[in-house]
Amino acid sequence: MHVIGTAGHVDHGKSTLVEALTGINPDRLKEERERQMTIDLGFAWLNLPGGETVGVIDVPGHRDFIENMLAGVGGIDAALFVVAADEGVMPQTREHLAILDLLQIQGGVLALTKSDLVEAEWLELVKADLAAAVHGTALAGAPMVPVSARTGAGLPELKAALQACLAACPARPDLGRPRLPVDRVFTIAGFGAVVTGTLSDGSLAVGDEVELLPDGLAARIRGLQTHKTKIERAAPGSRVAANLAGIDVAELRRGMVVARPGALKPTLLVDVHFRHLADVELPLKHNAEVKFFVGAAEVLATARVLGGERTPLGERTPLGERTPLGDAVSPGEALPPGASGWLQLVLAEPVVAAKGDRFILRRPSPGATIGGGVVVDAHPAERHRRRDPAVIARLETLARGTPGERLLQSLDALGPASLADGLRKASLDGALAAEAVTEIRADDGLVELEGEALVISRAAWARVEADLQAALAAYHAAHPLRAGMPREELKSRLGQDSAWPVTPKIFNALIAHANDRGRLVAAGAWVRLPTHQVRFAPAQQALVDKLLSAFRREPYNTPSPKDCAAQLGAGGQGEAMLSALLEQGILFQVSPEVLFLNETYQAMVERIKSHLRANGKITVAEVRDLFSTSRKYALALMEHLDAQGVTKRTGDERVLKREA
Ligand SMILES: Nc1nc2c(ncn2[C@@H]2O[C@H](COP(=O)(O)OP(=O)(O)OP(=O)(O)O)[C@@H](O)[C@H]2O)c(=O)[nH]1
Ligand SMILES: [Mg+2]
């Protein structure tokens, strides 16, 4: 599940390229089609040659609409960065590039559009210019592909480059805490309110009760779609349209977040690490008014400068690291262009944000992007006093991650592992290790599968549980007459989607834990959902009743398995129903050719045993006469009892081998 977003200067051919790639015109507004200019976000989906379908967000390039662009780029995995070959690098080429870099969008492809309009020599000049522009940014080294939407040249190469870029892109983590930042709201006649967005941190399913933040409105998910296809469950990282019941569309707006009730809290105060763009003209003054963009939300804020580093132009400072060249920016001082530092943003309205979220700041008027960075504390306890060195020390530690967070990260990557391995991978020992364990235990972040010898993070466990249940539900739907899914099949199914190896030891521990928690039932070679029951359709049940009454009429002269299957239905149905009757223990098979009702079989065994206890021995002929049946049935039963170790053959006779 991936989402890509376009970016680039106005009129450089982004929307035309999206339509050439996907067949979908992303400009859906009448005004956009009339003005031939994108105003708001557009959505499409692209089938890659490898079979993956990826979501596409098309953004406006015009500088007047850059704030609409910001509502869409937050959740993308990779950029489709567009530069028109005839015009080359332009102001919003640079501004969009800066935004993608501040948001740390990790990959992308550089498409040189309108290549049909230029000569080869000119194209080389534009390429060199673009390579210089992306130097030192998140898109440095991204492949450059000349294309023409007009002639179709380069489109297959572009798709291949996008595919390679996404293949290298890690899957979005499932933290069991879904968030859908709403980037579009509309109604569908007869269905009501629909919100769309790029889902992160967890999955959503039809029927889920949800909350719309920051307002705290309750709703229920009535339907879900991705790429206009109905789905039951949406995975993190996918484009999602959610039809909401119990809410009025007038209450909804872009920037809201759909989440589980109570899972997230809106905030009016965030502590951030901020990078001020080097080519901005003015310094960022303490208490300056800014626009804060996070997720799909936009809110006015006052920026309080807590401290920072004056770094040389263009040079990047890794979080918290002091460069010898930079001298400090004191609390309350203005942050000059090119500097980075710690801000506390006092928000005019509540938003939903989480630690680690990337954000952008813009100056309200005249509008300009001035920088961005990462949320370090989404719920600081208080307004920080300006001259408190402990505040920055704490933020630096938070930015690196608490010991517990570092342990959880390494456990998430390892899958089920020993606690000791998790600590080793996170390079935590001594007091830090103890602190990490205490912290994640306090947050209930650890699931013990086998004490400390095999643990898994709570979030990874939630994923495993959801995968197991989805695999079983799919199996039951495909095989309604089977008692359950074969264990081995479930194991390989789980292994297919897993980021870590599913060894027999790990699989058994996972299944045992899920079984103990009542999430599934593991019985012998079968695993099923607790709710699964083999139920025959009425017409099938009538055939079963008829067959069983034949067994009751002649309990010892029973139809063969082949006859039974034929009576139960053609085309494989009869065989499947017969297996179900055997699995349910209604019928019992003593040999490939002989079946009895289970109760008949039990009674026969008892009668033979008591005969043996009384007489010491029995022959096949005596068994035959005991039940007034034929030799075929008597022989099959006795050979079965020999094999079971109930009887032992000596010559023509059988004796009791042992008392059960
Ligand atoms: N010759 C030629 N013209 C193109 C090509 N791609 C786009 N155009 C033209 O360029 C103009 C702008 O294209 P759009 O796709 O609307 O550009 P955009 O980047 O989406 O513009 P905004 O969304 O407003 O930022 C249109 O007139 C297109 O027909 C191309 O490959 N070759
Ligand atoms: Mg456009």
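Just follow the structure's listing: the first ligand is 1, and inside any ligand the first atom is 1.
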message: For the 3.5 Å polar cut-off, considering only N or O atoms, please tell me whether Ser15 and ligand 1 meet it.
response: yes
Under 2.8 Å from the Mg ion (ligand 2), the protein N, O or S atoms, given as residue and atom: Ser15 OG, Thr38 OG1
task: List for me each residue that meets salt bridge (Lys or Arg N to Asp or Glu O under 4.0 Å) alongside Glu281, sequence neighbours excluded, and say none if there are none.
output: none
message: Students should be able to answer this: which protein heavy-atom is nearest to atom 17 (O) of ligand 1, and at what distance?
response: Gly13 N, 3.0 Å
message: Counting only heavy atoms closer than 4.0 Å, does ligand 1 sit against the backbone of Thr151, its side chain, both, or neither?
response: neither
task: Would you indicate whether the side-chain heavy atoms of Ile99 and Met69 approach each other to under 4.5 Å?
output: yes
Name of the residue among Arg94, His96, Glu95 meeting side-chain hydrogen bond (donor to acceptor under 3.5 Å, both in side chains) with Gln92: Glu95
- prompt: Which atoms of ligand 1 have any heavy atom of Met37 under 4.0 Å away?
  reply: 24 (O)
message: Closer than 4.0 Å to some heavy atom of Leu117 - which atoms of ligand 1 meet that?
response: 1 (N)
task: Starting from atom 23 (O) of ligand 1, find the nearest protein heavy-atom neighbour and note its residue, name and distance.
output: Thr38 OG1, 2.6 Å
- request: Starting from atom 27 (O) of ligand 1, find the nearest protein heavy-atom neighbour and note its residue, name and distance.
  value: Gln36 OE1, 3.6 Å
field: Intermediate values then yes/no, salt bridge (Lys or Arg N to Asp or Glu O under 4.0 Å), Arg179 and Asp357
entry: CA-CA 12 Å; Arg179 287 199 281 169; Asp357 283 358; 2.9 Å; yes
- prompt: Tell me: protein heavy atom nearest atom 12 (C) of ligand 1, and distance?
  reply: Asp11 OD1, 3.1 Å
field: Enumerated ligand 1 atoms positioned under 4.0 Å from heavy atoms of Gly61
entry: 22 (P), 25 (O)
- request: Would you indicate whether the side-chain heavy atoms of Leu112 and Val145 approach each other to under 4.5 Å?
  value: no
- request: Identify, for atom 29 (O) of ligand 1, the protein heavy atom at the shortest distance, and state residue, atom and that distance.
  value: Arg150 NH2, 3.6 Å
Distance from atom 13 (O) of ligand 1 to nearest protein heavy atom, with residue and atom: Thr16 OG1, 3.2 Å
- prompt: What residue and heavy atom of the protein are closest to atom 31 (O) of ligand 1, and at what distance?
  reply: Ala149 N, 2.8 Å
message: Against ligand 1, does Thr113 come closer than 4.0 Å with any heavy atom?
response: no
query: What protein heavy atom sits nearest atom 5 (C) of ligand 1, and how far away is it?
result: Lys114 CG, 3.5 Å
- prompt: Is the NZ or CZ atom of Arg63 both under 6.0 Å from the centre of the six-membered ring of Phe65 and within 45° of that ring's axis?
  reply: no
query: Within the distance-only criterion (no hydrogens, no angle test), does the side chain of Lys265 pair as donor or acceptor with the backbone N or O of Val352 below 3.5 angstrom?
result: no
- request: For the residue pair Thr226 and Ser238, confirm or rule out a side-chain donor-acceptor distance under 3.5 Å.
  value: no
